[in-house]
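Please read the structure below before turning to the comments.
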2 protein chains.
Amino acid sequence: MKKLESNTEELIFASAIKIFHKKGLAGARMQEIADEAGINKAMLHYYFRSKQLLFEAVFKKAFMQLAPQIHQVLNSEDSLFEKIINFTDKYISFVMENRFLPTFIIQELNNNPDFANQFFSQAEFPKSTRFLIQIEEGIQNGTIKNVNPKQLLIDMFSLAIFPFIGAPLLQKITNVNESAYNNLLIERKKHIASMLINSIKK
Amino acid sequence: MKKLESNTEELIFASAIKIFHKKGLAGARMQEIADEAGINKAMLHYYFRSKQLLFEAVFKKAFMQLAPQIHQVLNSEDSLFEKIINFTDKYISFVMENRFLPTFIIQELNNNPDFANQFFSQAEFPKSTRFLIQIEEGIQNGTIKNVNPKQLLIDMFSLAIFPFIGAPLLQKITNVNESAYNNLLIERKKHIASMLINSIKK
DNA sequence: GTCTATAGCCAGATAGAC
DNA sequence: GTCTATCTGGCTATAGAC
């Protein structure tokens with residue numbers, strides 16, 4: 001693992017994250033990453049061998065910053081409603097600090113289907129089974145309405161993730177400036193949870 | 001390939017759409033577009049001058065396939081609930097036939113902020129004012145709960161668009177195969193509408 | 001209008017001095 | 001480990017024959 005190794009490696013990695021997150025694999029330039037790090041191109045290859053490998057390290061890091069958190073929320077001992085509240089709150093708080101992360105992940109999964117498949121076959125992926133069962137139990141209890149649990153799962157992710165990915169579009173269509181849009185994002189922590197719960201609570 | 005496109009320009013354009021939608025501006029190759037069209041690279045430049053101009057034509061076309069439809073739904077004479085129903089139904093039906101379209105648009109807006117700004121400054125954009133006012137009226141009428149209208153607008157877009165953009169991720173997390181995921185998408189036409197309406201109806 | 005051939009440039013990757 | 005210089009290949013774009 002990466003510990004107190006050379007801090008050059010970490011410097012390169014941090015710069016690579018910045019550039020790859022903003023421009024994606026195809027759009028990023030090794031020279032730009034080197035400039036961002038204040039060193040020369042050759043060092044990137046010295047530490048990471050190739051652009052592809054550097055990208056894969058960046059992607060894995062990005063994915064691992066999100067996946068375990070999501071897994072933990074979905075598989076905790078909490079009630080269904082608590083999970084919905086926790087998920088939206090935690091996810092939005094985290095992504096506000098890492099604004100390009102979801103766009104980057106989703107974009108690269110779409111643009112590199114082969115890489116995506118290979119990655120998924122070896123990565124630890126958040127499990128949703130427990131969450132889905134809790135929904136079914138709620139339906140049978142009569143505490144929540146009859147919905148397809150998978151739709152509800154998709155809803156939850158869509159409501160939390162898309163406002164970041166679609167920001168340029170949504171900011172225009174809601175007709176607000178950047179700072180007002182940020183306030184909407186913060187407000188969403190509570191909004192999404194209450195909206196989801198309202199829609200299923202009997 | 002479509003037979004109706006007897007002329008070369010349209011053949012090139014159709015091929016460019018295919019490739020740009022799948023790989024984006026940075027990832028697309030002029031050679032690949034030429035191969036897709038079954039002609040040689042030089043023709044692309046003969047008809048469209050440069051990769052950038054070809055891309056801009058493709059992007060504009062993509063945007064114009066969606067924007068007017070959305071504008072029309074949001075600004076019709078229909079009631080709020082009818083608009084929600086129409087929007088989700090129409091949008092999902094259309095995008096199922098043009099699967100890469102939303103991903104392409106969103107991705108390029110994120111990757112090319114300068115182009116995005118320049119584009120937005122001259123493109124006709126769907127207006128949401130009327131829709132937002134209808135929500136406020138509903139709140140004052142007492143027919144719907146007290147929500148921030150802009151949040152509801154963001155919700156509606158998120159629920160309809162993200163399932164396409166995030167398909168690779170969502171398919172994995174819901175643990176279904178491609179055909180089952182497609183069925184979920186079709187089911188969403190009704191699901192989203194009823195979920196939105198349930199969440200705000202008093 | 002359509003092709004082949006190629007110019008010209010730029011990106012990723014490597015060699016080798018220090 | 002870090003640098004400069006350079007190789008090699010691929011990409012956009014153009015020239016020019018037909």
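Quick note: numbers below take in every heavy atom, side chains included, and nothing from hydrogens, waters or symmetry partners. All values reported here derive from a predicted model rather than from experimental measurement.
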Report task. Nearest 0.5 Å please: distance from the CG atom of B:Leu132 over to the CG atom of B:Leu80. Result -> 10.0 Å

Query raised in the report: So what does A:Phe48 touch, heavy atoms closer than 4.0 Å: a base, only the sugar-phosphate, or nothing?
Result: nothing

Query - Separation between CZ of A:Phe162 and CD1 of A:Ile106, rounded to the nearest 0.5 Å - result: 11.0 Å

Query raised in the report: Is A:Ala26 touching bases, backbone alone, or none of the nucleic acid, heavy atoms closer than 4.0 Å?
Result: nothing

Query raised in the report: Of B:Gly38 and B:Lys41, whose closest DNA chain C nucleotide lies nearer the 5' terminus?
Result: B:Gly38

Report summary line: dist A:Leu152:CG -> B:His191:NE2 (nearest 0.5 Å) comes out at 6.5 Å

Report task. Identify whether any heavy atom of A:Met30 sits under 4.0 Å from a base atom; if not, whether one sits that close to sugar-phosphate; answer base, sugar-phosphate or nothing. Result -> sugar-phosphate

Query raised in the report: Going 5' to 3' on DNA chain C, which nucleotide is the first and which the last to come under 4.0 Å of a heavy atom in chain B?
Result: C:dG1 to C:dT4

Query - d(CD, B:Gln31; P, D:dC11) in whole Å - result: 8 Å

Query raised in the report: Atom CE of B:Met43 to atom C1' of D:dA15: distance rounded to whole Å?
Result: 15 Å

Report task. Would you kindly give the CD1-to-C1' distance between B:Ile33 and D:dG10, to the nearest whole Å? Result -> 16 Å

Report task. Using whole Å, report how far CD of B:Glu32 lies from P of D:dT12. Result -> 10 Å

Query raised in the report: Under 4.0 angstrom, heavy atoms only, what part of the nucleic acid is B:Ala34 near: base, sugar-phosphate, or nothing?
Result: nothing

Query raised in the report: What is the distance from atom CD of A:Gln151 to atom CD1 of A:Ile135, rounded to the nearest 0.5 Å?
Result: 11.0 Å

Requested in this report: Starting at atom NZ of B:Lys23, determine the distance to atom C1' of D:dC11, rounded to an integer number of angstrom.
Outcome: 14 Å

Query raised in the report: Given atom CG of B:Asn40 and atom P of D:dC11, what is their separation to the nearest angstrom?
Result: 16 Å

Query raised in the report: B:His45 side chain N/O closer than 4.0 Å to the phosphate oxygens (OP1, OP2) of D:dA13?
Result: yes

Requested in this report: Report yes or no: is the cationic atom of B:Lys61 (NZ for Lys, CZ for Arg) under 6.0 Å from the centre of the six-membered ring of B:Phe13, at an angle within 45° of the ring normal?
Outcome: no

Requested in this report: Please identify each residue that fulfils side-chain hydrogen bond (donor to acceptor under 3.5 Å, both in side chains) with B:Lys189, with sequence neighbours left out.
Outcome: B:Ser93

Query - Residues B:Arg130 and B:Glu77 bridged, charged N to O under 4.0 Å - result: yes

Requested in this report: Scan B:Ile39 against the nucleic acid and name what it touches under 4.0 Å (heavy atoms): base, sugar-phosphate only, or nothing.
Outcome: sugar-phosphate

